[in-house]
Amino acid sequence: MSDRAYQQIKELILTLFFLPGQYLNEAAICDLLKLGRTPVHQALQLLQVEGLVEVVPRKGVIVRPDSIGEVIEILDARILVEVELVRRAVANGTREDLRELAAILDKTNRRHGGGSMDAFVESDRAFHVKVAAMSGNAILADFVRLMHERSTRFWYLHLWQTIDLYGASRQHRTILEAIEAHDPERAARAMRKHIDSLRERLQHILHNAPSRGGRPSAVPQARTRRIGAGGASRT
């Protein structure tokens, strides 16, 4: 039950059901997920360790609002780690691994046509986690998963209007082709270019924002749901 609560609450945070800076009510979450107080409380404790929520004394649990600057730092860390991991993935990946990578991209394109933010997030998360796992280094692969999840909300908050979804999908395919060709340096260059392109978009937003540290001027309507003490509601 704790694992179920953890997975469900994390997904609600990553997809902006719960917004950055929003206070969470444990009783309302229990009602929403149809779970008991103990698994929900344990899940929130784990999410605090991962940096997605924060316990504020005498106030409760708040969804931690990362700044664009923090997400840029996360991408910097991902570049350092994932460029090396993709080199190792070339050396350690099996034919079955390659089939799974191709299936991730093909499945997403079939389900969403490759042109929605949900399609990009689904594909991007699964693709990078799989490449990291192929490296054979479980500790760094787990680091990549956590860093990727920390930055996912920003794709919805800040990149949904500007990101080239088809271009990002092509970058994934280029990485896969380099791995299939057993070319570690080509794969490393493709991975760096892919993450750099996301970083550049965030840098552009950071430098052109009318005011730093404020809430985004627009959020997709499907993502503006909230939950409070009285249960779930939609704004």
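Note that the coordinates shown come from a computational prediction; the quantities given were computed from them, not determined experimentally. The basis for the numbers below is simple: all heavy atoms, side chains too, and nothing from hydrogens, waters or symmetry mates.
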Do [X] and [Y] belong together in a cluster built from hydrophobic side chains that touch within less than 4.5 Å?
X: I79; Y: V144; result: no
X: I72; Y: V81; result: no
X: L85; Y: M134; result: no
X: V86; Y: L80; result: no

L146 and E149: side chain to side chain contact (heavy atoms under 4.5 Å, CB included), yes or no, with the steps? CA-CA 5 Å; L146 292 176; E149 290 172 348; 4.2 Å; yes
Residues D183, V90; criterion side chain to side chain contact (heavy atoms under 4.5 Å, CB included); working and verdict: CA-CA 7 Å; D183 189 334; V90 171; over 6 Å; no
Would a 4.5 Å heavy-atom cut-off, applied to side chains only, mark [X] and [Y] as touching?
X: L105; Y: S169; value: no
X: D3; Y: Q7; value: yes
X: R125; Y: L14; value: yes

In Å and rounded to the nearest 0.5 Å, what is the [atom1] to [atom2] distance from [X] to [Y]?
X: K10; Y: L44; atom1: NZ; atom2: CG; result: 12.5 Å
X: L140; Y: E84; atom1: CG; atom2: CD; result: 9.0 Å
X: I9; Y: L35; atom1: CD1; atom2: CG; result: 8.0 Å
X: M147; Y: I74; atom1: CE; atom2: CD1; result: 5.5 Å
X: F143; Y: N137; atom1: CZ; atom2: CG; result: 11.5 Å
X: L24; Y: I13; atom1: CG; atom2: CD1; result: 6.0 Å

Y6 and its side-chain hydrogen bond (donor to acceptor under 3.5 Å, both in side chains) partner, picked from Q42, Q45, E50, E11: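 The option that passes is E50.
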Can you name the closest pair of heavy atoms from [X] and [Y] and give their distance?
X: G21; Y: P65; value: N-CB, 4.0 Å
X: A133; Y: A141; value: N-CB, 4.1 Å
X: A5; Y: P39; value: CB-O, 3.7 Å

So if I apply the side-chain contact (heavy atoms from CB on, under 4.5 Å) rule between F127 and each of V131, V129, D124, which one comes out positive?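 Among the candidates, only V131 passes.
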Check each of V53, V63, V61, I62 against F18 using the side-chain contact (heavy atoms from CB on, under 4.5 Å) test, and report the only one that passes.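 Result for side-chain contact (heavy atoms from CB on, under 4.5 Å) with F18: V63.
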Answer yes or no: is there an ion pair linking [X] with [Y], defined by an N-O contact shorter than 4.0 Å?
X: R87; Y: E185; result: yes
X: R173; Y: E177; result: no
X: R78; Y: D196; result: no

Determine the interplanar angle of the H128 and H148 rings, folded into 0 to 90°, and report it as parallel if under 30°, tilted if 30 to 60°, perpendicular if over 60°.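 The arrangement is tilted - the two ring planes meet at 30° to 60°.
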Going by salt bridge (charged side-chain N to carboxylate O under 4.0 Å, His left out), name the pairs with one or both residues in residues 129-143, residues two or more places apart or in two chains.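 For residues 129-143: D97-K130, E100-K130, D142-R145.
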Taking side-chain hydrogen bond (donor to acceptor under 3.5 Å, both in side chains) as the test, write out the residues that go with R189, two or more places apart.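 Not a single residue meets the side-chain hydrogen bond (donor to acceptor under 3.5 Å, both in side chains) criterion with R189.
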